[in-house]
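By convention in this document, chain letters (A, B, ...) are assigned in the order of the sequence lines, proteins followed by strands, and residues within each chain are numbered from 1. No hydrogens, no waters, no symmetry mates; every other heavy atom, side chains included, goes into these values. Computed from a predicted model, the values in this text were never measured in an experiment.
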Amino acid sequence: MNETKLTVPTDRPVILIERWFDAPRHLVWKATTTPDLVKRWYMPACVEMLSCEIDLRVGGAWRIGIRSPEFGATAMYGEFRTIEAPERMVRTYIFQPFPEAVAIETSVLVAEGARTKLELEIAHGSFAARDGHVGSGMEAGMRQAHDQLEAVARAL
Amino acid sequence: MKASARLDATFAALADPTRRAIIARLASGDATVMDLAKPFDLAQPTISKHLKVLERAGLISRRRDATRRPCHLEATALGEVTTYLERYRRLWDARFARLDTVLAELKENDR
């Protein structure tokens, strides 16, 4: 499987993510911008996705409603700032419980034959906000790992 | 200190290039303020200030008893940061693995 590269620089409050996909660029663009497709991969199985709306135009809104064990019904949302299909997209990202922490996500899809590289930059306003984002991800990730372990244990 | 607050302190401590260089130096062995001041061409009080930040973040410790008080790198604190990031990376890794499945289907239908 293709490796997910994560970099958290110490001199800028950003998170950098890089990942290759064995699919042409137009399909990666489609899978990351079509609500019915995003529903299938964006959240782990343990988090219920209540809704997924994507108004794919500059100034258009996106919103993913979820029900999480720790926050109940909540959402991630934001607005598109740049759309250059099928290559580049800039959008704001806000997690409803922390509305003051607005992150800016820039994703670039690099086509190389039948493969595509996703370069994602998540820029935060401060180191504290960036590290908090990584922290909330960690907690969700741990829970997911525990759930998966439980499922494996049950199957034994 | 709560784990997240401690990690905030650790990240903040690592945000400075001089402090990162000090960490790199201490990875090869304990050193005194004097040892550290030389290669960095910084006054001892400046180095001491950086060391206090690193100490508060739990990244280094200094022995109270010895007069020269050599600094010691606390590998556990650094390891904690690594674990923290690795878990966040795995979250994205799992997300992309699910995206792979969706893409494989789209590729079939695209033919």
Tracing side-chain links under 4.5 Å among I, L, V, M, F, W and Y, which residues wind up in one group with A:V110?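 Its cluster partners, ordered by chain and number, are A:V108.
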
Hydrophobic cluster mates of A:V102, side-chain heavy atoms under 4.5 angstrom, ILVMFWY only, any path? A:Y77, A:I94

Would you name the heavy atoms of A:L120 and B:W92 that are closest together and state the gap between them? CD2-CH2, 3.4 Å

Is there a side-chain contact between [X] and [Y] (heavy atoms, below 4.5 Å)?
X	Y	answer
A:L37	B:E105	no
A:V28	B:L103	yes
A:D22	B:K107	yes
A:H26	B:D110	yes

Take B:Y88 and A:I15 through the side chain to side chain contact (heavy atoms under 4.5 Å, CB included) test and state the conclusion after the steps. CA-CA 11 Å; B:Y88 180 69; A:I15 298 165; 3.7 Å; yes

Measuring heavy-atom distances to chain A, does B:E86 have an atom under 4.5 Å in its side chain, in its backbone, in both, or in neither?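 No part of it gets close to chain A.
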
Looking at B:L99, B:D100, B:D93, B:T101, which has the largest count of heavy-atom pairs under 4.5 Å with chain A?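 Counting heavy-atom pairs under 4.5 Å, the top option is B:L99.
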
Is B:R95 close enough and on-axis enough to A:Y42, meaning under 6.0 Å and within 45°, for cation-pi? yes

Going from CD on A:E3 to CZ on B:R89, what distance comes out if it is rounded to the nearest 0.5 angstrom?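 Separation between the atoms: 6.0 Å.
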
Considering only heavy atoms, which portion of A:I17 lies under 4.5 Å from any heavy atom of chain B: side chain, backbone, both, or neither? side chain

For A:R19, is it the side chain, the backbone, both, or neither that has a heavy atom closer than 4.5 Å to a heavy atom of chain B?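 Side chain only.
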
